[in-house]
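Here the structure comes first, spelled out in structure tokens, and everything after it is commentary.
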There are 2 protein chains.
Amino acid sequence: MKKVKRTTIYDIAAKLGITASSVSRALNNSNQVNEKTKELIIKTADELNYKRNILASNLRKGHSKTIGVVVPRINQNFFANVIAGIEEATYQKGYNLIICQSGELHDKEIQCVNTLINQDVDCIVISVSADGNDYQHLQNVIDHGIQLIQFDRVAEELETLKVINDNEQASYEAVSHLIESGYKRIALLEGPQNLSIFKQRKVGYLRALKDYNIPVIDELIVENAWTKELGAEGTRKLLTLPQPPDAIFASTSDFSALGVLEVANDMKIKVPAELGVCGYANESFSEITSPSITTIDQFSVYMGNTVANLYFQEKGNTDTTAKPKIISIKPELIIRGSTARNAKV
Amino acid sequence: MKKVKRTTIYDIAAKLGITASSVSRALNNSNQVNEKTKELIIKTADELNYKRNILASNLRKGHSKTIGVVVPRINQNFFANVIAGIEEATYQKGYNLIICQSGELHDKEIQCVNTLINQDVDCIVISVSADGNDYQHLQNVIDHGIQLIQFDRVAEELETLKVINDNEQASYEAVSHLIESGYKRIALLEGPQNLSIFKQRKVGYLRALKDYNIPVIDELIVENAWTKELGAEGTRKLLTLPQPPDAIFASTSDFSALGVLEVANDMKIKVPAELGVCGYANESFSEITSPSITTIDQFSVYMGNTVANLYFQEKGNTDTTAKPKIISIKPELIIRGSTARNAKV
DNA sequence: AAAATTTACGCAATCGATTGCAATTTCAAA
DNA sequence: TTTGAAATTGCAATCGATTGCGTAAATTTT
């Protein structure tokens, strides 16, 4: 590769017999520079194929017009959508995105965050990994004066900007729907309780049962069932119980719900007639399984937009006394085949 | 927000009564510094929560350690996987990724590329959008001395590094499989022919027919059927033909194959007994439809790894006379239910 | 113990752009 | 013709890390 010496503002200055200061000002369209010289400078810059060195510029200015994003996995539908949403909104404003994935590993997450701090990003957007619940690294972001925005999976104890789903309400509605469809023994596949989203979904589940005067049965609550495999495993246990459930709310994900469907199918248990199934996240496949899966849509792309706009809105807001904003997006229950049993009283 | 002044190597130097040079050398693990002082410096750096300012470092060293990625959509399984793969491989080397999406729009793609050039990225990785076939902006990348790597959807006429799938071979194998499974009238749902990947898949289809002495029937080839909706539309036409096909190769995507399944289902045509269906890309849903879809896996995450490693390998390769490398990854045919008909001769 | 090497560290320039402050020029008002 | 204010431009420091060159200190060799 040919390494052509790149032209700098000094080259332009030298050619025109002026100083770099003026060139810099001209190229930043400052009004502190004579219109005619400005034009000349811009023309010359163009002739010399000048490209501003953003590294130097950012170093001097102390910001980077860059937003760092840390998610557990880029290639997971929900996160990919949120990132797409963030990109949409930030691109227009001339911001760039640096993307990192933590792989659900707390240590890697810390590394990612530190990398981003090093990079002098203006803002870090994060959805924390399931592993670990120590948030020193996030406090560190704040201490470095970098705006921190958490979304979806948030560390509640940290006072930062947050964009979340109303998980409890969504969960409440899902379970209510199951009850009103006539299901009576409703099991819950729950996720790691150190993530608040899963805690909230459990709360919604419990609240719905209570409101409908349905007793909570501990053996119907299965811990840590948040992958397809773990969901299947949990389902197998549930369905071989002396008194098996007649509905399963896979509150962790549609993947888990998929595991439920497979086990039910293996055991010749009919969905939705004998078993109601509800998932979470409205993954693209959830509408094409048979039966299709009742689930909850989180408006993930919109969530990404919201995160980005929240950043722009808060930027320059110097009021340090104000409580950090928390935006809650109301998810939507999508009723499909897997719960399509007529209510019987 | 309480903004803590960032600690620099000067702070460390001052605290220890030495110069920044030594600190820098120690932190870069140079052997020009005494082992004991080195340890002390590293310990102190840690205590002061020192983070190297990468902007300054890169400015001095003359590169950005950043790779720009442009894809049509971030939230499309294949691309999300490739990006994840690139991230995996580049993260370890301390490189960052800047991600942009062109939204399949040629103009936005040009904008993205220019932004990345301005950002001083060391390398631009791109999969071109379906819209437009003018590649001046890519030539521009090369002219700026930035490494350009194309993947999957490539502009063939540009001599750059490329990582592609052997689309023709994969397509050939898929069609051969259909033929050997006993299907005789095989239709093709093809994608926009300005993208070489779709052209190659068509070539593979034609070659397979030829090798098995099956005549090519023009009315069985449907143009531009690369979404679920377009796939369904094409299928409806095909299946109402006087002599309908007994198999459909949705060479564009599994989404398109999904459209085929839906129409077949509507028309009470049994898959795979009466109609064989094969998709492309091994989307996650393809194994859970009923019947599951025979498709082609592109090893997308691995493709991302390959792209990244190709960059690192070529970096510093000063031999300008060498032809740019093209790495072809062999996709794998995944046989599932939608083509599970026993061969009859 | 003196001479010859090594080793360790400091000095100062450099990467390129930005910006506060000072100096100069311009132009109009007194 | 002076004076004063405004418009331009220059000077030099700064952002933080890196590195070639030089020298003092430590170590080895004779």
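The figures that follow rest on heavy atoms only: side chains count, while hydrogens, waters and symmetry mates do not. Residue numbers start from 1 in every chain, and the chains themselves are labelled A, B, ... in the order their sequence lines are given, proteins ahead of strands. The model shown is predicted, which means the values in this text are computed figures rather than measured ones.
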Going by salt bridge (charged side-chain N to carboxylate O under 4.0 Å, His left out), name the pairs with one or both residues in residues 15-29 of chain A, residues two or more places apart or in two chains. none
Listing request: all salt bridge (charged side-chain N to carboxylate O under 4.0 Å, His left out) pairs with a residue in residues 72-93 of chain A, at least two apart in sequence or in separate chains. Glu87(A)-Lys108(B)
Sugar-phosphate only, base, or nothing, as touched by Ile18(A) at under 4.0 Å among non-hydrogen atoms: sugar-phosphate
Tell me what Asn31(B) touches on the nucleic acid: a base, only sugar-phosphate, or nothing, going by heavy atoms under 4.0 Å. sugar-phosphate
Return each pair, listed once, that meets side-chain hydrogen bond (donor to acceptor under 3.5 Å, both in side chains) where at least one residue sits in residues 121-131 of chain B; pairs must be two or more places apart or across chains. Ser64(B)-Asp122(B), Glu109(B)-Ser129(B)
Which residues, if any, of residues 112-124 of chain A bring a heavy atom under 4.0 Å of DNA chain D? none
What's the [atom1]-[atom2] distance between [X] and [N], to the nearest Å?
| X | N | atom1 | atom2 | answer |
| --- | --- | --- | --- | --- |
| Glu35(B) | dA8(C) | CD | P | 8 Å |
| Leu48(A) | dG16(C) | CG | P | 15 Å |
| Lys38(A) | dT8(D) | NZ | P | 9 Å |
| Leu59(A) | dT14(C) | CG | C1' | 13 Å |

ring-ring contact (aromatic ring centres under 6.0 Å, His included): pairs with one or both residues in residues 53-82 of chain A, sequence neighbours excluded: none
What pairs of residues pass the ring-ring contact (aromatic ring centres under 6.0 Å, His included) test when at least one of them lies in residues 113-143 of chain A, not counting sequence neighbours? His106(A)-His137(A)
Walk along nucleotides 17-23 of chain D from 5' to 3' and tag each nucleotide B, S or - by protein heavy-atom contact under 4.0 Å, base first, then sugar-phosphate. BBBB---
Between Asp120(A) and Arg6(B) (salt bridge meaning N to carboxylate O under 4.0 Å), is one present in this structure? yes
Tell me, please, which residues at least two apart from Tyr95(B) pass ring-ring contact (aromatic ring centres under 6.0 Å, His included). Tyr311(B), Phe312(B)
Lys38(B) meets the side-chain hydrogen bond (donor to acceptor under 3.5 Å, both in side chains) criterion, sequence neighbours left out, with Asn29(B)
